[in-house]
Each structure stands twice: as C-alpha cells, then as structure tokens.
Visitor: 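There's a structure below that I have some questions on.
In listed order, ligands and their atoms are each counted from 1.
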Amino acid sequence: MTRPIRATIDLAALRHNFGVARRHAGHAKLWAVVKANAYGHGLERAVAALTDLTDGFALIELERAVQLRAAGLKLPILMLEGFYSADELPLFIEHRLTPVLHRIDQLQTLQDARWPATLPVYLKLNTGMHRLGFNAAGLVAARAALAGKVDDITLMTHFADADGLRGVDWQLERFALMTADMDLPCSLANSAALLRFPDMKNDWARPGIMLYGGSPFPQLISAAELDLQPVMTLQSEIIAVQTLAAGDSVGYGCTFTADRPMKIGVVACGYADGYPRHAPTGTPVLVNGLRTRTLGRVSMDKLCVDLTELPAKVGAGGTATMWGKGLPADEVASAAGTISYELFCALAARVPVGEIN
Ligand SMILES: *Cc1c(COP(=O)(O)O)cnc(C)c1O
C-alpha cells in the first residue's frame with residue numbers, strides 16, 4: 001500500500017548515452033559528471049553503471065566522493081569546486097581526489113598540507129564565465145607556486161554559452177592567449193561543447209546532462225535527434241476523476257476555468273515530489289501513453305490533467321507520465337520555463353526510485 005508515484009532509472013539508457021559522449025569525444029578522455037546525486041538519478045547506481053565505461057567521475061560533494069572510495073571505486077575523481085577550506089585536504093590526499101584550484105591562496109593551502117607532488121591538480125581559468133578561475137596573471141602566479149611541487153597539472157575552463165549564440169570561440173581565444181607558453185593537458189567541454197564543437201583541443205571532456213538524456217540545447221536539437229535516450233521516467237497514477245461544467249475551476253487560485261464540460265484526472269504528483277510548481281496549464285503530460293496537458297496550479301501533492309479528449313475508459317488508476325519515456329523532460333522543462341537539469345535534480349527524496357537494466 002504505497003503512494004503510486006515512482007521514478008524509474010534506465011541504466012541501459014545511461015550507458016547508451018555515455019556511448020554517444022564517447023563517440024563525440026574522439027581521443028579525449030571522459031569525466032562522467034555525477035554531481036548533485038548524478039543529476040537526481042542516484043550517485044551509486046550511476047557510478048556502478050558507468051564504472052567500466054568512463055575514465056573518471058566528476059562531482060562537487062566531498063562526502064559523496066569519500067563514499068565512492070569507501071565502496072571501492074578506483075577511477076580518478078575530479079572535485080569540480082575543489083576544496084573550500086584547509087581542513088578538507090587530508091581527505092583529498094587520503095582518497096586521491098583531484099581538486100580544481102581557482103584561487104591563489106589555495107596553493108599555499110596545498111603546500112601547508114604537504115600535498116604529494118604526484119597527485120594531480122586542475123587549474124581553472126576564467127575565460128569569460130566570471131564565476132571561478134584565474135585570470136592571466138593569476139595563472140602565471142599559480143604555475144610559479146606549483147613549480148617543482150606538483151607534477152600533474154591540467155588546465156580547465158568552463159563555457160558560458162556553448163549552447164547559445166556566442167558559442168565557444170571567444171573563450172577559446174582567451175584560453176589560447178593565457179596558455180600560449182604552456183604545454184599542459186586541458187579540459188574544456190561540457191555536454192553542449194562536446195556535441196556542438198567536438199574539434200577543439202580537449203584532453204578530458206566533462207559531459208553531464210547528455211548522459212541523463214537531456215539535450216543541452218533543446219531549442220536547437222532535441223535529445224532524440226542527438227541519439228540520447230531518457231534515463232529517468234517519473235510516473236504516478238490518477239487517483240480521482242472529476243467532471244467539470246462550464247464555469248467550474250480547478251485547484252488553488254482557480255487559475256483554470258472550464259469553458260465547456262470537461263473530464264479531469266487528479267494525479268498523485270506535486271511540487272513536493274519535484275514537479276515544478278511554475279509549470280502552467282498546458283504543460284504536456286502522458287496518460288496511459290496518450291499525450292494531454294496539465295490544468296490549473298500544481299499543488300504540493302497533486303496535479304490535474306485534462307482527460308476530456310481521451311478515450312472514455314481512461315480514469316482512476318490510469319498511469320500518468322510526467323517525463324521520461326514517451327515524453328522528453330526537455331519539453332516539460334521548456335513548458336515550465338526551466339531546463340531538464342532542474343527537473344532531474346529536483347526529484348524529491350520521498351519519491352521511490354527503481355531501476356531497470
Ligand atoms: C556541471 C558541470 C559540467 C557538466 O555540464 P553539462 O552541461 O551537464 O554537460 C561540466 N563542467 C563543470 C565545471 C560543471 O560544473
């Protein structure tokens with residue numbers, strides 16, 4: 001007797017999508033990006049599914065990285081935000097975690113912690129994103145501080161608009177200028193850059209969203225056109241059916257009012273499950289595999305769907321698919337004014353998750 005909502009993670013699809021990343025990467029090695037609990041898909045299961053395929057895993061959360069080591073993971077682990085304070089460094093050293101360094105004072109911290117010269121580090125350059133990273137002078141200072149103390153340095157930057165109009169060339173030019181006299185490996189591409197600009201020099205790519213079946217630029221090219229398969233499918237059931245007369249409204253705020261007789265279904269899925277509350281009337285949803293739309297405001301535990309045009313037998317007990325197989329998360333995200341990343345990451349802890357192979 002459990003609430004009927006569930007998320008199903010398709011591990012074969014995850015592995016398939018990794019294969020797509022591998023094809024686009026050419027000779028580059030791949031960090032499978034598994035931050036934020038593998039974008040909501042479950043870190044342990046994503047890592048187990050990809051361990052024999054990937055060259056390493058990249059994430060943010062130190063305690064999760066330590067768990068992966070405790071579970072026996074041997075592959076390299078890249079910590080995308082590095083360390084935040086000196087007291088984390090013993091764990092980085094013990095568990096051979098590769099930090100992304102982006103601030104000059106972190107180099108002194110490394111030295112104080114007796115960082116072993118053989119352990120790799122990444123240096124992050126700010127080439128236009130203006131979040132983390134060294135500028136040209138900072139990079140020179142960082143290289144000087146590391147000279148003779150760390151042997152294995154990779155240069156990294158992150159693109160601001162690889163999925164958009166500006167593309168990556170303007171940042172690649174800055175990267176080339178800043179690193180002109182350095183013959184070091186580099187790590188540049190996220191999913192968008194890997195799919196759109198596979199030709200850049202790039203020793204380690206960092207695909208995230210594409211592994212989970214989201215298109216990094218759904219307005220340009222759909223996930224299906226990129227040969228990406230949905231990994232997470234979120235489903236629940238219709239737990240009640242209501243008939244509306246013209247003039248009846250649905251849900252909080254009465255934001256949807258019927259202009260004719262209608263039949264609606266009430267689905268056991270709301271914003272406390274991770275469905276976006278800002279998804280407006282008209283957001284696509286599947287009922288028993290048939291496409292229809294949401295009606296009215298999403299509430300904490302329920303949302304309403306239009307059954308008026310569906311076969312009369314569709315009713316209580318019918319299966320609602322919020323996104324996944326048959327309904328790309330990108331379409332739902334776009335209707336709700338967000339991106340698939342946010343839908344996946346927001347999947348709530350109360351939703352039971354199963355997996356298929
Ligand atoms: C999250 C992240 C990625 C992956 O980005 P996608 O758009 O999901 O492919 C790559 N690099 C860094 C630094 C990140 O933080």
Visitor: Measure centre to centre between the rings of F344 and Y39, then say whether the value is under 6.0 Å.
Guide: no

Visitor: Please confirm whether the ring centroid of H102 lies under 6.0 Å from the ring centroid of F134.
Guide: no

Visitor: Is E331 salt-bridged to R291, going by a charged N under 4.0 Å from an acidic O?
Guide: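 Salt bridge flag = yes for R291 with E331.
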
Visitor: With side-chain contact (heavy atoms from CB on, under 4.5 Å) as the test, pick out the partner of M322 among P284, C269, P276.
Guide: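 Exactly one pass, corresponding to C269.
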
Visitor: How close does the nearest protein non-hydrogen atom get to atom 8 (O) of ligand 1, and which residue and atom is it?
Guide: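 Result: Y39 OH, 2.6 Å.
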
Visitor: Counting non-hydrogen protein atoms only, what is the nearest one to atom 12 (C) of ligand 1? Give residue, atom name and distance.
Guide: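 In this structure, atom 12 (C) of ligand 1 has H158 CE1, 3.4 Å as its nearest protein heavy atom.
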
Visitor: I need the nearest protein heavy-atom contact for atom 9 (O) of ligand 1: residue, atom name and distance, please.
Guide: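 The protein heavy atom lying closest is S191 OG, 2.5 Å.
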
Visitor: When only distance counts, is G208 in polar contact with ligand 1, meaning an N/O pair under 3.5 Å?
Guide: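 For ligand 1, there is an N or O atom that lies under 3.5 Å from one belonging to G208.
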
Visitor: Taking the six-membered ring of W204, is the NZ or CZ of R206 close enough (under 6.0 Å from the centre) and on axis enough (within 45°)?
Guide: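 The answer is no; the distance or angle limit is not met.
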
Visitor: Considering heavy atoms of the protein only, find what lies nearest to atom 7 (O) of ligand 1 and give residue, atom and distance to 0.1 Å.
Guide: Y341 OH, 2.6 Å

Visitor: Which residue owns the protein heavy atom closest to atom 11 (N) of ligand 1, what's the atom, and how far is it?
Guide: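 Protein heavy atom with the smallest distance to atom 11 (N) of ligand 1: R206 NE, 2.9 Å.
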
Visitor: Sub-3.5 Å donor-acceptor pair from the side chain of E225 to the main-chain atoms of S222, do we have one?
Guide: yes

Visitor: Salt bridge or not for R350 and D301, using N-O below 4.0 Å?
Guide: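 D301 and R350: salt-bridged.
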
Visitor: What atoms of ligand 1 come closer than 4.0 angstrom to any heavy atom of I209?
Guide: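 In order of numbering, the contacting atoms are 6 (P), 8 (O), 9 (O).
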
Visitor: Looking only at protein heavy atoms, identify the closest one to atom 13 (C) of ligand 1 and say how far it is in Å.
Guide: M156 CE, 3.5 Å

Visitor: Can you report which non-hydrogen protein atom sits closest to atom 14 (C) of ligand 1, along with the distance?
Guide: K35 NZ, 3.0 Å

